[in-house]
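Accompanying notes for the structure given below.
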There are 2 protein chains.
Amino acid sequence: MVRMSGAERRELLAAAALRVIGNHGLSQATTRAIVAEAGMSLASFHYAYRSRDELLTEVMQRVVDGEMSAASLSLKPGSDIRNSVLDGMHAFFDYVRADPAHERALQELLQHALVTPGLHHLARAQYESYHRAATKLLASAALAAGVTWRDPLADAARFVVTMTDGITLAWLADGDTAAAQRTIELAATAIARLADPVPAEPVLAGPAPDSSPASSQDRSGCA
Amino acid sequence: MVRMSGAERRELLAAAALRVIGNHGLSQATTRAIVAEAGMSLASFHYAYRSRDELLTEVMQRVVDGEMSAASLSLKPGSDIRNSVLDGMHAFFDYVRADPAHERALQELLQHALVTPGLHHLARAQYESYHRAATKLLASAALAAGVTWRDPLADAARFVVTMTDGITLAWLADGDTAAAQRTIELAATAIARLADPVPAEPVLAGPAPDSSPASSQDRSGCA
DNA sequence: GCCGGATTGGGTCAAGTGTCCCAGACGCTT
DNA sequence: AAGCGTCTGGGACACTTGACCCAATCCGGC
């Protein structure tokens with residue numbers, strides 16, 4: 001097999017690990033299964049990582065850093081806050097549907113972090129990054145739509161992540177896309193209702209925040 | 001060790017399996033770990049179950065049947081639909097907080113069902129039972145509060161489960177009880193807003209539906 | 001062209017795992 | 001008391017796993 005640097009191999013192994021976890025579960029993500037998925041040998045694995053635990057910890061760290069996160073919740077700037085949120089949640093859901101194995105992998109890693117001594121902070125960090133991403137998007141959407149959030153932004157962000165998590169879990173379980181989309185409608189309404197219109201006044205023109213669905217940002221959805 | 005019937009032993013092993021899964025993850029739920037938790041020997045295990053897979057499948061089936069489900073979402077009949085929903089969600093959350101390992105076990109089993117050939121139907125059945133329980137509770141609450149649900153009951157129920165799932169996941173990750181309780185407030189408002197008051201007319205007296213928090217019913221919350 | 005660090009393929013080992021087996025004990029029925 | 005079905009403790013076996021090892025190869029720098 002072609003030689004490559006340790007850093008490159010680490011990335012390929014981390015990506016292979018996510019695919020094996022997502023398709024077969026964490027139990028089946030043995031070192032042999034991961035190197036087979038990556039097209040490598042065990043020696044290369046241990047050249048790149050000291051242990052399987054080190055690989056899993058790095059995969060989780062990369063998820064938290066956003067390098068391997070799930071769908072970004074994004075919003076299209078628009079005049080109507082509800083449509084903005086709705087568009088963003090649909091884009092998020094399209095991403096989930098495009099790669100459900102990825103979502104399952106994130107869930108498995110979250111559970112692993114919750115029960116593994118010394119790793120709980122990664123579960124917390126994962127949700128902090130989800131909440132941060134949601135906070136940014138809600139701030140951008142509010143600016144674009146000319147609204148303010150009545151509740152603290154952190155609470156609204158948590159509310160958004162609550163819904164994207166719940167929508168994802170139910171859909172992974174029952175595959176009912178139409179029902180999930182109806183839930184998204186209800187969720188968008190609920191989120192939009194947290195907003196108040198800004199009193200009418202001259203709007204200061206400025207560039208719209210960059211929040212395209214294509215950007216690979218921290219997600220504010222489910223694990 | 002005291003002798004007992006096969007049926008009794010099956011129940012004890014299933015309960016022990018849930019505890020091991022919740023505390024250490026599915027990977028660590030080996031036959032030896034489970035019998036140690038149950039205070040039995042391997043021979044007793046294999047007297048009760050043909051294999052580890054059979055035990056796990058039965059545990060999941062029992063979860064679906066509600067025998068080992070999570071917190072029941074319950075509602076206190078009241079005049080105000082929002083307070084009814086709020087009370088119920090608080091009761092649900094209290095139950096989650098009382099035994100987070102149980103919630104983690106349900107999550108692990110759900111993920112296992114999602115990736116294991118032949119078991120996906122159990123994941124679907126699990127959510128169907130959650131949705132059924134939520135549907136029943138929403139119907140009872142509406143009757144008690146003198147409201148109707150604008151949207152189809154199935155959609156409202158799915159919305160409820162979406163929120164209880166999301167609230168549970170975020171709390172398991174970051175342990176922020178106060179934030180979770182603020183999310184519950186927002187969720188209760190969002191759910192209550194799906195209701196319309198029934199037009200004023202003589203109310204036909206009838207027994208209030210049994211929906212006490214103590215009853216061990218199918219949950220309508222997270223996996 | 002040589003050298004040395006980087007990287008590799010293939011193998012090995014100890015530990016753990018799921019499953020199976022068996023002699024023995026227990027308890028109920030006759 | 002005997003017989004028989006049920007249940008048990010302890011052990012064994014084949015397989016898998018994570019980690020480690022080593023000779024060999026590759027490739028960049030000098």
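Naming convention: chains lettered A, B, ... in sequence-line order (proteins, then strands); numbering from 1 in each chain.
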Q: Starting from C1' on dG9(C), measure out to CZ on Phe45(A) and report it in whole angstrom.
A: 16 Å
Q. Which atom names give the shortest non-hydrogen contact between Leu138(B) and Ala157(B), and what distance separates them?
A. CD1-N, 3.5 Å
Q) With the threshold set at 4.0 Å, does a side-chain nitrogen-carboxylate oxygen contact exist between Glu58(B) and Arg62(B)? A) yes
Q) Expressed in angstrom and rounded to an integer, what is the separation of Leu26(B) atom CG from dG18(C) atom P? A) 10 Å
Q) When the distance from CG of Leu42(B) to P of dG10(D) is rounded to whole Å, what number comes out? A) 11 Å
(Q) Nearest whole Å is fine: how far is dG18(D) P from Gln28(A) CD? (A) 10 Å
Q. Would you call Asp94(A) and Arg97(A) a salt bridge, using N to O less than 4.0 angstrom?
A. yes
Q | Interatomic distance, Met40(B) CE vs dG9(D) P [rounded to whole Å] | A | 9 Å
Q. Is any side-chain nitrogen or oxygen of Thr31(A) closer than 4.0 Å to OP1 or OP2 of dT17(D)?
A. no
Q | Ser27(A) vs Ala43(A), nearer the 5' end of DNA chain D by closest nucleotide | A | Ser27(A)
Q: Write down the distance between CZ (Arg52(A)) and P (dC20(D)), rounded to a whole number of angstrom.
A: 15 Å
Q: Would you please classify the geometry between the Tyr127(A) ring and the Tyr130(A) ring as parallel, tilted or perpendicular, with 30° and 60° separating the classes?
A: perpendicular
Q) Side chain of His46(A): nearest nucleotide among dT17(D), dG18(C), dC20(D)? A) dC20(D)
Q. Atom CD1 of Ile34(A) to atom C1' of dG18(D): distance rounded to whole Å?
A. 11 Å
Q. To the nearest Å, how far apart are Met4(A) CE and dC27(D) P?
A. 12 Å
Q. Would you say the base of dG18(D) and the side-chain of Arg32(A) have a donor-acceptor pair closer than 3.5 Å?
A. yes
Q. Quick one: which of dA19(D), dG9(C), dT19(C) gets closest to the side chain of Ser51(A)?
A. dA19(D)
